[in-house]
Each structure stands twice: as structure tokens, then as C-alpha cells.
Amino acid sequence: MIEFGHSTHVGLRREHNEDTYQADPALGLWLVADGMGGHEHGEVASAIARDTVTREVASGTELVRAIQLADEEIIRHSTRRSEALPMGTTIAAVRVAKGDGYEVAWVGDSRIYLWDGELRQLSQDHSYVQELIAQGAITAEQARNHPHRNVVTQALGVTDPQALRVESVRGEFKPGMQLLLCSDGLTEEVKDPAIAEILARSDLGAQECVDHLILAALDGGGSDNVTVVLVRKV
């Protein structure tokens, strides 16, 4: 049985929420998309990503391919507009199979974590600072305060379809495990140990965990839109 919670908040410093999400237990699909490009552009891009992936998965398309098609759809939509402003979005998605399996896929710096007694990040940010970490130029702690920490190197609608890297991981989804999807509005304000502390609380339902995580992000400064989706195998 699956229990899940979901919520999004504009944050304390933004006027518009460019994040969106999907929670569709019938499809076994949950996703978070963090739009970029300014008012109407970011929120349009994230909505196109959500709707395209949901439609494609519902028609039987594999998750990675559905995300690739969302990239193409956002680019098509962008080229039809008269404004020259780009529009793009990150995406972090999970598909839970009817058995015990799951698949996660992502583009950008929205994250996917697995909780199984401890917190583990399944996704790897497509970001400038993550490349610096991989090169050994900076530490993960230094990355948190790096001036270019919000620069993504891959995004739907921005990255050419030929160069798009949709990464995915599969695993077994056992009772007691939790999959957390979030925009960087959470991870910018709340460190992993604090996220783990909330997910470890057995007295909280999935929605209560989500609400606590959103509040923690707001308490931390709420500098960005924050979106959290939690899927729990019970």
C-alpha cells in the first residue's frame, strides 16, 4: 500500500510560484518541476512538463522517454511565443510499479531522496557546483554558499534534445521506505540531517512530514518556491 503527501508554497521572497507537481497514485506517478524564466515563463514550462509526462506515462510511454518528450514540447511552445525570453524547468519524477519496484528520473537540480532508516540522495544535481564538486574543486559544504549554486547545466526547454541527459535509477520499494521529491527551495534552506530527522518520525503521516518540511524551509528563510512530494510504502 502507498501513502503519500504533497504541497507547494510560494516562499517568503517570491511573488509567483513557478513550481508545480503531480501526485497520481492510479498511474503510480509522482513528480516535481521547478520552472525558470520569469513570471508566466517558468510556470508555463513546469506545467507543460507535468502535463506531458503525465499524458505520456498514461499512454504507456517509459518515464525517461516521457521526460524527453516534455523537453521537446516546451521548446516547441517557446518558439511559438513572440517574446525572446527562454523558458525551462527542472524535473524529478518517480514511477512506482505495481509490484515492489520503482524508477526515478531527473533533469536539473530538483532532488530525489530515498529514506530507508537513513537518508540517501538518489539523484545527482545537474548544476555548475555539482561539476565543481566532482572535479574536487570545492566541497559539498562550500557548494551550499557558492555564488553560482543555482546555475543548472541541464533543464527541460533549455537543453537541446540531442544533448539532454535524463538520468534514472531503479530499485526495490519495500515497506518502510520513503521516496522524497523536492525543488531546491527545500534543499537550499534545510540540510539533509534535518530532512532525515523529519522523515524518521514514526508519529507523522506522509502529509504531516511534507507540511513539516515546508515549514522548515520557510523557517530557514523561504528564499524560493518550495515543493515537496513524499511517497511512502506501508
Side-chain angles (χ1 to χ4, degrees), residues 1-8 19-34 46-74 89-108 110-126 154 156 164-183 186 195-196 198-214 227-234:
M1 187 175 130
I2 297 289
E3 181 195 1
F4 63 95
H6 49 83
S7 189
T8 187
D19 286 3
T20 191
Y21 68 87
Q22 178 64 285
D24 191 330
L27 274 182
L29 175 68
W30 290 265
L31 66 83
V32 167
D34 179 355
S46 61
I48 291 173
R50 176 198 64 207
D51 295 346
T52 303
V53 171
T54 302
R55 182 183 70 241
E56 291 296 331
V57 167
S59 68
T61 306
E62 291 286 330
L63 183 59
V64 168
R65 181 59 185 150
I67 292 172
Q68 292 168 339
L69 291 170
D71 181 46
E72 296 171 15
E73 185 63 33
I74 295 165
T89 184
T90 70
I91 192 164
V94 59
R95 185 87 199 275
V96 176
K98 292 221 173 352
D100 292 325
Y102 70 81
E103 179 184 15
V104 298
W106 70 93
V107 174
S110 289
R111 290 184 180 174
I112 307 164
Y113 290 90
L114 175 69
W115 167 265
D116 184 18
E118 60 181 18
L119 191 69
R120 181 159 56 95
Q121 186 177 333
L122 296 179
S123 61
Q124 186 174 55
D125 297 352
H126 294 142
Q154 296 260 320
L156 302 186
L164 186 71
R165 246 177 34 243
V166 184
E167 298 193 61
S168 69
V169 173
R170 294 175 184 266
E172 203 174 355
F173 202 32
K174 298 177 181 176
M177 287 183 171
Q178 305 180 70
L179 287 162
L180 172 70
L181 295 83
C182 60
S183 62
L186 176 68
I195 293 174
I198 291 170
L199 294 187
R201 289 185 57 179
S202 58
D203 60 319
L204 297 179
Q207 186 60 53
E208 291 173 306
C209 279
V210 168
D211 294 342
H212 276 69
L213 289 166
I214 296 275
T227 302
V228 179
V229 173
L230 183 65
V231 186
R232 182 184 281 176
K233 185 76 174 281
V234 292

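Just so it is clear, the values below take in all heavy atoms, side chains as well, and ignore hydrogens, waters and symmetry mates.
A salt bridge is defined here as a Lys NZ or Arg NE, NH1 or NH2 lying under 4.0 Å from an Asp or Glu carboxylate O, and K174 with D100 fails to meet this definition. In summary, E62 and R170 engage in a salt bridge, as defined by a charged side-chain N under 4.0 Å from a carboxylate O. R120 and E118 are not joined by a salt bridge, as no carboxylate oxygen comes within less than 4.0 angstrom of a charged side-chain nitrogen. Salt bridge annotation for R95-E103: absent, with no cationic side-chain nitrogen under 4.0 angstrom from a carboxylate oxygen.
Shortest non-hydrogen contact noted between L119 and A196 is CB-CB, 3.9 Å. For the residue pair A66 and E56, the shortest heavy atom distance occurs at CB-CB, 3.7 Å. Closest heavy-atom contact between L179 and V94: CD1-CG2, 3.5 Å. Taking all atoms of both residues into account, the shortest heavy-atom contact from A206 to L230 is O-CD2, 3.8 Å. Contact between K233 and G99 at its shortest, heavy atoms only, is NZ-O, 3.9 Å. When every heavy atom of L63 is checked against every heavy atom of V104, the shortest pair comes out as CD2-C, 4.5 Å.
A side-chain donor from one of T20 and R50 sits under 3.5 Å from a side-chain acceptor of the other. Side-chain contact, D19 with T227: a donor N or O sits under 3.5 Å from an acceptor N or O. Donor-acceptor pairing under 3.5 Å is lacking for the side chains of Q22 and H6.
Partners of H212 under the ring-ring contact (aromatic ring centres under 6.0 Å, His included) rule, at least two apart in sequence or in another chain, do not exist in this structure.
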Pair W106-L181, side-chain contact (heavy atoms from CB on, under 4.5 Å): steps then yes or no: CA-CA 10 Å; W106 70 93; L181 295 83; over 6 Å; no
Go through the steps to decide whether V234 and I2 satisfy the test side-chain contact (heavy atoms from CB on, under 4.5 Å), and finish with yes or no. CA-CA 6 Å; V234 292; I2 297 289; over 6 Å; no
From CA spacing to verdict: side-chain contact (heavy atoms from CB on, under 4.5 Å), L213, L180: CA-CA 11 Å; L213 289 166; L180 172 70; 3.9 Å; yes
Are D125 and R111 close enough, and set up right, to give a side-chain contact (heavy atoms from CB on, under 4.5 Å), and what steps lead you there? CA-CA 7 Å; D125 297 352; R111 290 184 180 174; 2.8 Å; yes
Worked check of side-chain hydrogen bond (donor to acceptor under 3.5 Å, both in side chains) between S110 and T90: CA-CA 6 Å; S110 289; T90 70; 2.7 Å; yes
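The aromatic rings of Y102 and F173 stand perpendicular to each other, their planes meeting at an angle above 60°, with 30° marking the opposite boundary.
For the atom pair I195 CD1 and C209 SG, the distance stands at 11.5 Å (nearest 0.5 Å). Interatomic distance, CG of D211 versus CG of L204, reported as 9.5 Å (0.5 Å rounding). Here the CD-CG distance, from E73 to L69, works out to 9.0 Å after rounding to the nearest 0.5 Å. Separation of atoms SG (C182) and CG (D34) is listed at 10.0 Å; rounding is to 0.5 Å.
No side-chain heavy atom of T8 sits less than 4.5 Å from a side-chain heavy atom of V228. Using a 4.5 Å heavy-atom cutoff, the side chains of V229 and L31 are not in contact. You'll find the side chain of W30 reaches within 4.5 Å of the side chain of P25, heavy atoms only. Here the side chains of Q121 and I112 are not in contact, with every heavy-atom distance at 4.5 Å or above. For the pair L164 and L156, the minimum side-chain heavy-atom distance is below 4.5 Å. Taking 4.5 Å as the limit, every side-chain heavy atom of V32 sits out of range of all side-chain heavy atoms of I91. For the pair L122 and Y113, the minimum side-chain heavy-atom distance is 4.5 Å or more. Put simply, the side chain of V64 reaches to within 4.5 Å of the side chain of Q68, judged on heavy atoms.
At distances below 3.5 Å, not a single donor-acceptor pair connects side-chain atoms of H126 with backbone N or O atoms of Q154. Between the side chain of T61 and the backbone N or O of V57 there is no donor-acceptor pair closer than 3.5 Å. For the pair E3 (side chain) and G205 (backbone), a donor-acceptor distance under 3.5 Å is absent.
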